[in-house]
Novice: 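Supplied in structure tokens, the structure appears directly below.
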Amino acid sequence: EVQLVESGGGLAQAGGSLRLSCAASGFTFDDYTIGWFRQAPGKEREGVSCIYGGDNTTYYKYSVKGRFTISSDNTKSTVYLQMNSLKPDDTAIYYCSALRGEFVPTAGCPYSYEYDYWGQGTQVTVSS
């Protein structure tokens with residue numbers, strides 16, 4: 001059974017940091033692209049970042065580039081999203097997702113409908 005379990009969300013002050021984790025099981029981690037998405041109240045889900053487990057190719061949404069870092073520990077089948085310099089606009093439920101195969105970094109991360117599996121989400125709240 002495929003499972004994606006997010007953790008690490010919580011409350012942070014503007015300018016602070018949080019690290020999210022996405023623990024995967026039930027599939028060959030190296031063959032998958034893992035994406036982080038977020039959804040704020042009243043807004044559509046948006047892609048934040050993604051990483052391909054085979055070679056650690058990454059991509060970031062423009063608004064988080066330089067503040068967020070995605071990384072992968074293939075020995076633990078876990079992807080991390082280190083979020084620094086947090087802003088109130090980063091407040092959302094953060095989801096991780098898995099897509100079999102690699103992505104084309106020049107085209108950005110895959111769209112949400114392309115992903116095969118999703119976690120349950122973890123709340124991130126940034127206070128001003």
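This chain uses plain numbering: 1 for the first residue, then up along the sequence.
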Novice: State yes or no: do Tyr95 and Leu99 share one hydrophobic cluster built from I, L, V, M, F, W and Y residues joined by side-chain heavy-atom distances below 4.5 Å, directly or via other members?
Specialist: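 As far as the 4.5 Å side-chain criterion goes, Leu99 and Tyr95 are connected within one cluster.
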Novice: Working to the nearest 0.5 Å, report the span between OH of Tyr59 and NZ of Lys65.
Specialist: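 So the OH of Tyr59 and the NZ of Lys65 are separated by 7.0 Å.
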Novice: Check whether any side-chain N or O of Arg45 sits under 3.5 Å from a backbone N or O of Arg38 as a donor-acceptor pair, and report yes or no.
Specialist: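 Side chain of Arg45 to backbone of Arg38: no pair is present.
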Novice: Which atom pair, heavy atoms only, marks the closest approach of Ile93 to Gly121?
Specialist: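 It is CG2-CA, 3.9 Å.
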Novice: Which distance, rounded to the nearest 0.5 Å, do you find between the OG1 of Thr69 and the CZ of Arg67?
Specialist: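 Atom-to-atom, Thr69:OG1 and Arg67:CZ are 11.0 Å apart.
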Novice: Do Glu46 and Gln39 have side-chain heavy atoms sitting under 4.5 Å apart?
Specialist: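 Contact flag for Glu46/Gln39 side chains = no.
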Novice: I need the minimum non-hydrogen distance between Cys109 and Phe103, along with the two atoms involved.
Specialist: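 Scanning both residues, the minimum pair turns out to be CA-CD1, 4.4 Å.
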Novice: Taking atom types as modelled and ignoring hydrogens, do the side chains of Asp73 and Thr75 form a donor-acceptor contact shorter than 3.5 angstrom?
Specialist: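 Their side chains do contain a donor-acceptor pair, which is all the 3.5 Å distance test asks for.
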Novice: Find the distance between OH (Tyr111) and CZ (Phe37) and round it off to the nearest 0.5 Å.
Specialist: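 The OH atom of Tyr111 sits 10.5 Å away from the CZ atom of Phe37.
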Novice: In Å and rounded to the nearest 0.5 Å, what is the OG1 to CD distance from Thr78 to Glu6?
Specialist: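 The OG1 atom of Thr78 sits 11.5 Å away from the CD atom of Glu6.
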Novice: Which pair of non-hydrogen atoms, one from Gly53 and one from Asn74, has the smallest distance, and what is that distance?
Specialist: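 Shortest heavy-atom contact: O-ND2, 2.9 Å.
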Novice: Establish, for the pair Arg19 and Tyr80, whether the NZ or CZ atom is under 6.0 angstrom from the six-membered ring centre and no further than 45 degrees off its axis.
Specialist: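 Yes - Arg19 lies over the ring of Tyr80, closer than 6.0 Å to its centre and within 45° of its axis.
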Novice: Just how far is it from atom OG of Ser21 to atom CD of Gln82, taken to the nearest 0.5 Å?
Specialist: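 The OG atom of Ser21 sits 9.5 Å away from the CD atom of Gln82.
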Novice: Under 6.0 Å from the CD atom of Gln13, do we count more than 12 heavy atoms belonging to anything else shown?
Specialist: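 No, not enclosed.
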Novice: Hydrophobic side-chain clustering at under 4.5 Å (ILVMFWY, transitive links): who's grouped with Met83? Put none if nobody.
Specialist: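 Result for Met83 is Val2, Leu4, Leu18, Leu20, Phe27, Phe29, Tyr32, Ile34, Trp36, Val48, Ile51, Tyr60, Val64, Phe68, Ile70, Val79, Leu81, Leu86, Tyr94, Tyr117, Val124, Val126.
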Novice: Please find the pair of heavy atoms, one from Cys50 and one from Tyr115, that lie closest to each other, and give the distance.
Specialist: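 Answer, listing the atom of Cys50 first, then Tyr115: CB-OH, 3.9 Å.
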Novice: Enter the distance from Glu44:CD to Ser112:OG here, rounded to the nearest 0.5 Å.
Specialist: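 Reported value, rounded in 0.5 Å steps: 9.0 Å.
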Novice: Give a yes or no on whether the backbone of Arg100 and the side-chain of Asp116 come within a donor-acceptor separation of less than 3.5 Å.
Specialist: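 Yes, Asp116 side chain to Arg100 backbone: donor-acceptor pair under 3.5 Å.
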Novice: Within the side chain of Thr33, is there an N or O that forms a donor-acceptor pair under 3.5 Å with the backbone of Gly101?
Specialist: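 Looks like yes, one N/O pair under 3.5 Å.
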Novice: Ignoring hydrogens and geometry, is there a side-chain-to-backbone donor-acceptor pair from Ser128 to Pro88 under 3.5 Å?
Specialist: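 Checking the backbone N and O of Pro88 against the side chain of Ser128, no donor-acceptor pair under 3.5 Å is found.
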Novice: What closest approach, in Å, do Gln123 and Thr125 show between heavy atoms, and which atom pair accounts for it?
Specialist: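 For Gln123 versus Thr125, the nearest heavy atoms are NE2-OG1, 3.4 Å.
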